[in-house]
Amino acid sequence: MRSVHALAAAALLLLPAYDLASAGEPKQGGILRMYHRDSPGSASIHEGATYSINVPFMPVFNNLVMFKQDVAQNSVDSIVPDLAESWAWSSDNKKLTFKLKQGVKWHDGKPFTSADVKCTFDMLMGKSQQKFRQNPRKSWYDQVNEVTVNGDFEASFELKRAQPALLSLLASGYTPVYPCHVSPAEMRTKPVGTGPFKFVEFKANESIKLTKNPDYFKKGLPHLDGIEFTIIPNRSTAILGFVSGKFDMTFPTEVSIPLLKEVKAQAPNAVCVVEPINVSTNIIVNSSSPPFDNLDIRRALALALDRKAFIQIMFEGQADIGGTMLPAPGGLWAMPKEMLESIPGYGPDINANREQARKLMQKAGYGPDKRLAVKVATRNIPIYRDPAVILIDQMKNIYIDGELDVVDTAQWFPKVARKDYTLGLNLTGNAVDDPDQSFYENYSCGSERNYTNYCNKEIEKLFDQQSAETDKEKRKKLVWEIDKKLQEDVARPIIFHGRTGTCWNPYVKGITVMVNSSYNGYRYEDVWMDK
Amino acid sequence: MFAYIVRRLALMLVTLVGISIIIFVLLRVVPGNIVDILFDAAGFVDPTDKANLEKELGLNLPIYQQYLNWIDGLLHGDLGYSYVSEKPALQEILPRIPITARLAALALLFSASIGIPLGVLSAVHQGSKLDYTLRVVSLSGLSLPSFWLGLLILMASVSLFGTMPIYNPNPKTWTEALAIYAVPAMAVGFRSAALTMRITRSSMLEILRQDYIRTARAKGASETSVNYRHALKNAILPVITVIGIEAAFLIGGLIVTETVFNIPGVARFLVEALRWRDYPIVQNLVMLIAVVVVVANFTVDMLYAAIDPRIRYGD
């Protein structure tokens, strides 16, 4: 227990300490062996919505820009050129122009040009003839009017209004540049990129193999000869594989806190870190139908939560309390503690909160003799089911009797999209620690991922205001205000933000686990092995 | 006998057609298809894109049309394309069959070679310490879930030898190759070995009480001859039935074992394909399993006739 706490503390407080692990002159060669938690549906990052795709395929590609891979906290300040040589905003902040690197080749030998940039983003915006089968991040480019090119090595994003967050979205692991000459169908099975590693083989349910790109445009990189992923969906088997030395590292952020103790016990030399993953566990409340169309009942629910109890039971104390945006120190946009504690339900006195909740329930017509019975829908997997059970237990304190309604994964999203639930326990992951990604996706009226049907036109105006704000400090204050209002409206009560572990053998150098994203840190061009 | 075989083969065909219809309909009745899963997991549903994909995969056709297309393809050796990997279903399924077949064969071999002799021993020494010990062993075999036993084996292997027998497509030594299959086969075969042991024991006990066994002993036949030539030969019929049924049921155990030992066989692949509602893979794999079960039953019946001359089918 003490060692895990120590690990967490080291991970959170001494982020640059990773650099110590990667100190020394990198050695060339070696195959990095890793297990993969499941078989990704395809190899096409643009068509995916899970880091099961980013982790193995991000090394195949490059972005225009990317988050610096050895800086744990993603921010605009840590964005570096990738396929772009440089970038510049126009004076009105409505045009973002990239000068592109010359002499870059796709893995099949064809030259990379600005046409590839244009066709990638035209496809993402749904403007080209070639279509993605599914395009989950189309809304990221809502403010982009057009992508224009000037010669072979300059591309510009022309915006409807200023949107400083665009650069962060372009730096995400979810935003690789695709080649124009390869169809989206081929990219699902045999991806062609410009990245440090070339795709070799993807055997569904078995393995994914990448090999070094000897013609990589970043001289001297990558250090490894290749990366091999063995697909092992059974977590116990996978962890045993790591401790027995069959793998050099675990699948990133897949070691739960209780499992971490096992790993440390069986492989004491392993380097393990515990980091936030920017995934919140939250309650989705169907506010469009009774009883949760009543704001009093929603507020009572928020007041009943004992977040620390959730965190103690599930994470042995290692998770974070916050609003919509990831809490500090990992998160960049978190409300100050005093502001957070002023929101109903976030105050430290749980008994007082619950007393207030009971009064609200009584006002709505419920009490010890007339309890409210609700079904709590959730997915039939432990990370969903376990907190749902705790939630049901906590709701008993305010005259609500919950009944667990576990739903098959294949049915979960259709059920939620149909709004066929009263109360649900949900997990929401954010690809980029930026309010534009989180607010529009989860809380704007009519958004497909706005599972709760929450719609507040006043807040929508604030969404746009913060999105267009170029002064970082001013934007931050707007974001806090929005986040506070979202919690007060009980749009989607956030219970906690989880943390998970990643382990690797000490001879693996140059691994940095991102602290505010689970999607952006898998290029692996700097990774090397000291053996 | 010939007429019986022909009748059985015809019945097998009817059974398989029936199974194919049930599989097909049930799969379509299960809520959610791959398009739902792909789109909804992405949290973004563009109705036009969704409709386009349904059309591309032929999921917009009436169910009978989809069924006829599948059967037509099957008759022409075309199993369709996996919706997930976009590779031919045959190309996906075929390399996995030998892996599961090896595992299943080893498990059955383990089951028979352990279960039958120990069952005989237990019956012959009824009431002895050996009998009680073997009965406890068989009871534990029936009680322990194969995934738990599998994990136990893996943990023991890591603790004792610092390695673990998980699947490797290119084993370097023959011992490694053997461990890849033999250890999981033991984990999955332990349950059926226990069952075989119990059936052999009870069947043997029944036979050993028969008059002709007493006669054989009275005529001075040795204990070995009585136990193995006279008794076991007649006690083996229900054991063969059990082994036949176990062969059919083995796939269930193999799903778990292949998952725990990370063996890329058809059993684990089936579960993964079901998760994605990858119909071409699921329906063809379930059909394959149905064929195996039907053929296993047929083989058991034929073995009956071969072993016991009193049985004269069709006479």
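Every chain is numbered from 1, with letters handed out A, B, ... down the list of sequences.
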Tell me, for Leu57(B) versus chain A, whether the close heavy atoms (under 4.5 Å) come from the side chain, the backbone, both or neither. side chain
Checking heavy atoms, do the side chain of Lys246(A), its backbone, both or neither come under 4.5 Å from chain B? side chain
Could you check whether the rings of Tyr167(B) and Tyr181(B) sit parallel, tilted or perpendicular, using 30° and 60° as the cut-offs? perpendicular
Which answer fits Tyr83(B), side chain, backbone, both or neither, if we ask what part of it has an atom under 4.5 Å from a heavy atom of chain A? backbone
Are Arg96(B) and Glu92(B) side-chain neighbours, meaning at least one heavy-atom pair lies under 4.5 Å? yes
Top contributor to chain A interface from Ile263(B), Asn168(B), Leu154(B) [non-hydrogen pairs under 4.5 Å]: Leu154(B)
Select one option (side chain, backbone, both, neither) describing which atoms of Thr189(A) are under 4.5 Å from chain B's heavy atoms. side chain
Take Phe242(A) and Phe247(A), measure what ring pair (Phe, Tyr, Trp, His ring centres under 6.0 Å) needs, and give me the verdict at the end. CA-CA 5 Å; Phe242(A) 173 71; Phe247(A) 304 112; 8.2 Å; no
Taking Phe24(B)'s backbone N and O only, do any of them form a donor-acceptor pair with Gln283(B)'s side chain (distance below 3.5 Å, no angle check)? no
Please verify the inter-ring angle class for Trp140(A) with Tyr174(A); under 30° counts as parallel, over 60° as perpendicular, anything in between as tilted. perpendicular
Contacting region of Arg133(A) [heavy-atom separation from chain B under 4.5 Å]: both
